[in-house]
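Below is one structure, written out as structure tokens; comments come after it.
Starting from 1, each residue takes its place in the sequence as its number.
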Amino acid sequence: MSVDLVYDGVPVAFRDGPYVVAGKPTEDAIAFVESLAKRMDQWRTFAADELLAFYNDTCLDEEIGILGRTGFAAQLDSSAIVIDSEIGSAEVHFEDGGLFAGQFVIVIIKGGHPIKAEVVG
């Protein structure tokens, strides 16, 4: 079972686990979502740091052109937050803004910190 809500315009899905009790997100869950949502620019910058070279060297879109860190991050539109069943773990999903031909960029968060960004879709 998953519980879904919208926080600050961003869809949030909770996977089963300690953040869901009696079919509703806990207070800790809401606090975690708030902390993630407040750091969206940080997640975009992390994705840029992880994936910028891949975009510029391999996936360059001629209409968008070569990008720097700020330009790459600006292309990413908030799409969704998925709260994992492990405390402090989540995925932040971004629409790629055409960087990777309509794929999604996902930032994986463990212990409240980003550990990996990847292109999926």
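By the 4.5 Å heavy-atom criterion applied to side chains, Ile87 and Phe32 are not counted as neighbours. Two residues are said to be in side-chain contact when any heavy atoms from C-beta on lie closer than 4.5 Å; Leu5 and Ile30 meet this criterion.
For Lys110, the side-chain hydrogen bond (donor to acceptor under 3.5 Å, both in side chains) criterion is met by no residue, not counting sequence neighbours. Residues passing the salt bridge (Lys or Arg N to Asp or Glu O under 4.0 Å) test with Glu34: none are found, sequence neighbours excluded.
Within the hydrophobic cluster formed by Ile, Leu, Val, Met, Phe, Trp and Tyr side chains joined at under 4.5 Å, directly or through other members, Phe104 is accompanied by Ile106, Ile108, Ile115, Val120.
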Open item on the list: side chain to side chain contact (heavy atoms under 4.5 Å, CB included) for Val119 and Leu51? Distances and angles first, verdict last.
Closed with: CA-CA 8 Å; Val119 178; Leu51 299 171; 3.9 Å; yes

- [ ] For the pair Ile83 and Leu36, evaluate side chain to side chain contact (heavy atoms under 4.5 Å, CB included) and give the outcome as yes or no after the intermediate values.
- [x] CA-CA 10 Å; Ile83 305 298; Leu36 292 172; 3.6 Å; yes

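For the residue pair Ile64 and Gln75, the shortest heavy atom distance occurs at CD1-NE2, 3.7 Å. Heavy-atom minimum distance, Val107 versus Pro114: CG1-CB, 3.9 Å. When all heavy atoms of Glu50 and Ala117 are compared, the closest pair comes out as CB-CB, 3.7 Å. For the residue pair Thr26 and Val20, the shortest heavy atom distance occurs at CG2-N, 4.2 Å. Scanning all heavy atoms of the two residues, the minimum distance from Pro11 to Gly9 falls at CD-O, 3.8 Å. For the residue pair Val105 and Ala47, the shortest heavy atom distance occurs at CG1-CB, 3.8 Å.
Side-chain atoms of Trp43 do not come within 3.5 Å of backbone N or O of Ala37 as any donor-acceptor pair. No donor-acceptor pair closer than 3.5 Å links the side chain of Tyr19 to the backbone N or O of Glu86.
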With a cut-off of 3.5 Å and sequence neighbours excluded, list every side-chain donor-acceptor pair involving residues 89-97.
unit_1: Glu91; atom_1: OE1; unit_2: His93; atom_2: NE2; d: 2.9
unit_1: Asp96; atom_1: OD1; unit_2: Gly98; atom_2: N; d: 2.9
unit_1: Asp96; atom_1: OD2; unit_2: Phe100; atom_2: N; d: 2.6
unit_1: Asp96; atom_1: OD2; unit_2: Ala101; atom_2: N; d: 3.4
unit_1: Asp96; atom_1: OD2; unit_2: Gly102; atom_2: N; d: 3.1
unit_1: Asp96; atom_1: OD2; unit_2: Gln103; atom_2: N; d: 3.2

Please tabulate, one pair per line, all N/O donor-acceptor pairs under 3.5 Å involving side-chain atoms of residues 65-74, not counting sequence neighbours.
unit_1: Arg69; atom_1: NE; unit_2: Asp49; atom_2: OD1; d: 2.7
unit_1: Arg69; atom_1: NH2; unit_2: Asp49; atom_2: OD2; d: 3.0

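Applying the side-chain hydrogen bond (donor to acceptor under 3.5 Å, both in side chains) test to every pair with at least one member in residues 52-66, sequence neighbours left out, gives no pairs at all.
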